[in-house]
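In what follows, a single structure is set out as C-alpha cells and then discussed.
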Amino acid sequence: MKTLRVVHITPSVRLLGARRSLLSLVKHLVGTRVESLVIVPAQGALTEELDRLNIPWKVVYLPPWRKGKSWLSMAKQVLELRRVITEFGADVVHCNEIYPNPHALVATAGGGVRMELISRFLQRRPLRAQKVPVVTHMRLSVNHRLIRNYYLADATRLIAVSHGAAADFDGFAWTDGLVRVVYNGLDFDPFTAAREQRDDIRAELGYKPENFVVAQIGLMMPRKRPKFLIDAAWEILQRVPEARFLFIGDASPRQQAYLDELKALVQEKGLNDVTTFLPFQNEIAPYFAASDLNMLVSDEEGFGRVILEAAATGAPTVGSRVGGIPELIEDGETGYLLGVPGADDVSFWRGTGAFAGIVERLANDAALREKMGNSAREHALKNFGLDQYVDGVASVFEEAVGEFNARRDQW
C-alpha cells in the first residue's frame with residue numbers, strides 16, 4: 001500500500017495534553033504506512049522527545065491568526081509552511097489544534113499565498129481549490145465565533161476528542177459530513193512503572209502513608225477552577241486531618257497573576273503546611289502515582305487527559321459535568337461527577353460540602369479506594385488505549401485523502 005505522508009502542525013512545544021497526545025500519535029505511527037513530519041513554532045520539550053524517537057521536525061513559526069501585528073510576517077511564514085508541505089510531498093496536513101487551521105488552509109490552497117490571505121482576511125472563500133486535504137483536531141471546546149474565525153467548516157475533516165466536544169458543532173448543516181469523534185489514547189507504560197514505585201515517590205515528596213493526597217495537575221487558570229479545591233480544603237481537613245493538597249502546573253501565558261493569587265489564598269487560609277505547589281513537570285506520571293484522588297472540575301473541557309493519566313496509576317478523579325469529562329468517568333464507579341451540566345461558578349461552588357464528603361469516604365475506606373482505583377484503571381485500559389486512538393486518527397486521515405482525491409478526479 002502507498003505510504004501516507006502526513007505533516008502535523010502544532011502551535012506549541014510545551015508538553016501539555018494536546019502535545020502529549022500528538023507525541024503518542026506520531027510515535028505509534030512509526031512502522032505503519034503513515035510517515036510523519038512535525039511542524040513546530042520553536043525548539044523545546046516536544047522537539048527533544050521527537051529527537052529521542054527519531055521523528056523528523058521542522059521549525060516554522062506561524063503568527064497568531066487573530067492578531068493584527070501578525071499580518072506583517074504572515075505571508076512569509078505561510079509561504080514557508082507551503083514550501084515545507086510541498087517538499088515533504090504531504091498527502092494530508094494535520095492541525096493538532098484549531099489555531100493553525102487557517103494557515104494550513106492558505107498554505108494548501110491553489111492560489112498565491114498573498115492573494116489567498118487577503119481573501120481569508122475578508123472572510124471569503126479560497127480563490128482556488130486546495131491541493132492537499134486538511135484534518136484539524138478540535139481538542140478544546142469551541143463556540144460559533146471560533147468556528148467562524150478559524151474557518152473550521154473549511155477543513156476536510158474535523159476530529160473531536162469526545163462527543164461532548166463534537167456537540168459544539170450542533171446546529172451546522174455540515175457537521176455530519178466533516179466531524180468525526182476519536183477519543184485520545186494513552187501510553188500506559190510510564191504510569192504503570194510509576195504506580196509500582198508509589199511508596200518511594202510519596203516518601204520523596206514528603207508524604208506519610210496516612211496522608212490522603214488530592215491533586216490538581218495542569219494549567220493553573222480560571223477555566224480549571226483550582227480555587228474550588230482551596231475553598232473546600234478547610235472542610236476536608238475537619239473530616240480528614242491527614243489530607244494534603246498538591247498543585248502541579250504553571251500559569252497560562254499572561255496569567256501569572258492568577259497563580260500568585262492562588263498561592264496568596266492558600267496562605268490567607270492558613271493552608272501552607274498542607275499544600276504544595278510545583279511547577280510544570282515534563283515527567284508527570286510519578287505525581288499521579290503519588291496521588292489518591294485527582295481533580296478536574298473545569299467549566300469547559302473537550303476531553304480531560306489527566307483523568308486517564310490518573311486512572312493509569314490507580315487514582316480516581318472527581319470531575320465536573322462538562323464537555324468530554326462525563327464520557328471518561330463512570331460516576332460512583334471510576335470516580336465522581338460534581339454539579340449539573342453547564343453549572344456556573346456560583347452554583348458549582350455550592351458543591352464543596354459534597355466534595356468534602358467524597359474525600360472523607362475514600363480516605364476512610366481503603367477497600368473502596370482500591371476498588372475504585374482499579375476500576376478506573378481497567379476502564380481506561382479498555383476504552384482509551386493507544387491502538388484505538390492511533391487507528392481512529394489514521395482512519396480519518398485515509399478517509400479525508402480518499403474523499404479529496406475522489407473530488408479532484410471530478411474537477
Side-chain angles (χ1 to χ4, degrees), residues 8-12 14 16-22 25 41 62-67 70 93-106 108 120-121 123-126 133-184 218-219 221-225 252-255 296-307 319-328 341-345 389 392-393 396-397 399-400:
H8 309 267
I9 306 175
T10 175
S12 174
R14 295 181 70 192
L16 297 174
R19 270 71 69 191
R20 289 183 184 276
S21 291
L22 175 62
L25 175 66
L62 299 175
W65 186 259
R66 300 296 299 173
K67 300 289 185 181
S70 296
V93 173
H94 170 224
C95 298
N96 192 53
E97 298 167 58
I98 68 168
Y99 305 108
N101 187 68
H103 309 77
L105 291 172
V106 172
T108 58
R120 287 295 183 180
F121 179 75
Q123 295 287 326
R124 295 174 181 167
R125 305 288 292 180
V134 174
V135 174
T136 293
H137 242 108
M138 177 263 209
R139 298 189 180 277
L140 294 174
S141 297
V142 296
N143 53 34
H144 285 202
R145 180 181 59 83
L146 290 173
I147 292 170
R148 180 185 68 252
N149 288 346
Y150 289 93
Y151 309 107
L152 298 187
D154 293 341
T156 313
R157 286 290 183 275
L158 294 168
I159 301 177
V161 292
S162 67
H163 293 281
D168 289 351
F169 296 109
D170 288 353
F172 292 97
W174 46 263
T175 298
D176 290 342
L178 262 66
V179 180
R180 302 290 181 267
V181 174
V182 180
Y183 288 128
N184 290 330
L219 284 174
M221 59 191 303
R223 177 173 67 83
K224 302 281 188 177
R225 289 171 168 157
S252 292
R254 298 178 298 278
Q255 287 190 331
L296 186 64
V297 292
S298 311
D299 60 19
E300 62 177 60
E301 196 76 45
F303 186 71
R305 181 185 172 89
V306 295
I307 297 172
S320 50
R321 299 179 190 271
V322 300
I325 292 176
E327 297 171 51
L328 309 188
D344 59 21
D345 282 348
Y389 169 56
V393 174
V396 178
F397 291 162
E399 180 186 358

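Here the structure is a predicted model, which is why all the values come from computation and not from measurement.
- Residues satisfying the side-chain hydrogen bond (donor to acceptor under 3.5 Å, both in side chains) test with Ser141, not counting sequence neighbours, are none.
- The nearest pair of heavy atoms linking Val322 to Pro326 is O-CD, 3.3 Å.
- Among residues at least two apart or in separate chains, salt bridge (charged side-chain N to carboxylate O under 4.0 Å, His left out) pairs with a member in residues 157-172 are Arg157-Glu399, Arg157-Glu403.
- Residues Arg225 and Val297 have side chains in contact (heavy-atom distance under 4.5 Å, counting atoms from C-beta outward).
- Among residues two or more places apart in sequence or in another chain, the side chain to side chain contact (heavy atoms under 4.5 Å, CB included) test is passed with Arg145 by Asn143, Arg148, Asn149.
- Between the side chain of Thr156 and the backbone N or O of Val134, at least one donor-acceptor pair lies under 3.5 Å.
- Across all non-hydrogen atoms, the minimal contact from Pro41 to Pro11 is CG-O, 3.5 Å.
- Taking CG from Leu146 and CZ from Arg66, the interatomic distance works out to 9.5 Å, rounded to the nearest 0.5 Å.
- The two residues Phe303 and Asn184 have their closest heavy-atom pair at CD2-ND2, 3.3 Å.
- Between Tyr151 and Pro102, the closest heavy-atom pair is CD1-CB, 3.8 Å.
- Distance CD1/Ile98 to CD1/Ile147: 8.5 Å, rounded to 0.5 Å.
- Each of Leu22, Asn96, Val93 was evaluated against His8; a single residue qualifies, Leu22, per the side-chain contact (heavy atoms from CB on, under 4.5 Å) test.
- Judged as a side-chain hydrogen bond (donor to acceptor under 3.5 Å, both in side chains), and not counting sequence neighbours, His103 has no contacts.
- Applying the ring pair (Phe, Tyr, Trp, His ring centres under 6.0 Å) test to Tyr150 and every residue at least two apart in sequence or in another chain returns Tyr99.
- Remark: His144 pairs with Phe172 by the ring pair (Phe, Tyr, Trp, His ring centres under 6.0 Å) rule, at least two apart or across chains.
- Residues passing the side chain to side chain contact (heavy atoms under 4.5 Å, CB included) test with Leu16 are Arg14, Arg19, Leu219, Phe280, sequence neighbours excluded.
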When you look at Phe169 and Leu152, which way does the side-chain contact (heavy atoms from CB on, under 4.5 Å) test go after all the steps? CA-CA 10 Å; Phe169 296 109; Leu152 298 187; 4.1 Å; yes
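- In this structure, the side-chain hydrogen bond (donor to acceptor under 3.5 Å, both in side chains) partners of Ser298, at least two apart in sequence or on a different chain, are Glu301.
- The side chain to side chain contact (heavy atoms under 4.5 Å, CB included) search around Pro341 returns Arg321, not counting sequence neighbours.
- Thr136 meets the side-chain hydrogen bond (donor to acceptor under 3.5 Å, both in side chains) test with Asn101; sequence neighbours excluded.
- Heavy-atom minimum distance, Val135 versus Ala400: CG2-CB, 3.6 Å.
- Distance CH2/Trp65 to CZ/Arg120: 7.5 Å, rounded to 0.5 Å.
- Here Arg223 contributes atom CZ and Asp299 contributes atom CG; the two are 7.5 Å apart, rounded to the nearest 0.5 Å.
- By the side chain to side chain contact (heavy atoms under 4.5 Å, CB included) test, Ile307 is found to be paired with Leu296, Thr317, Ile325, Leu328, Ile329, residues two or more places apart in sequence or in another chain being considered.
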Does the side-chain contact (heavy atoms from CB on, under 4.5 Å) test come out yes or no for Val161 and Arg305, once each step is laid out? CA-CA 10 Å; Val161 292; Arg305 181 185 172 89; over 6 Å; no
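- Residues meeting the salt bridge (Lys or Arg N to Asp or Glu O under 4.0 Å) test with Arg139, sequence neighbours left out: none.
- Closest non-hydrogen pair, Leu62 versus Pro100, comes out as CD1-CB, 4.3 Å.
- Taken from CE in Met138 to OG in Ser162, the straight-line distance is 7.0 Å, to the nearest 0.5 Å.
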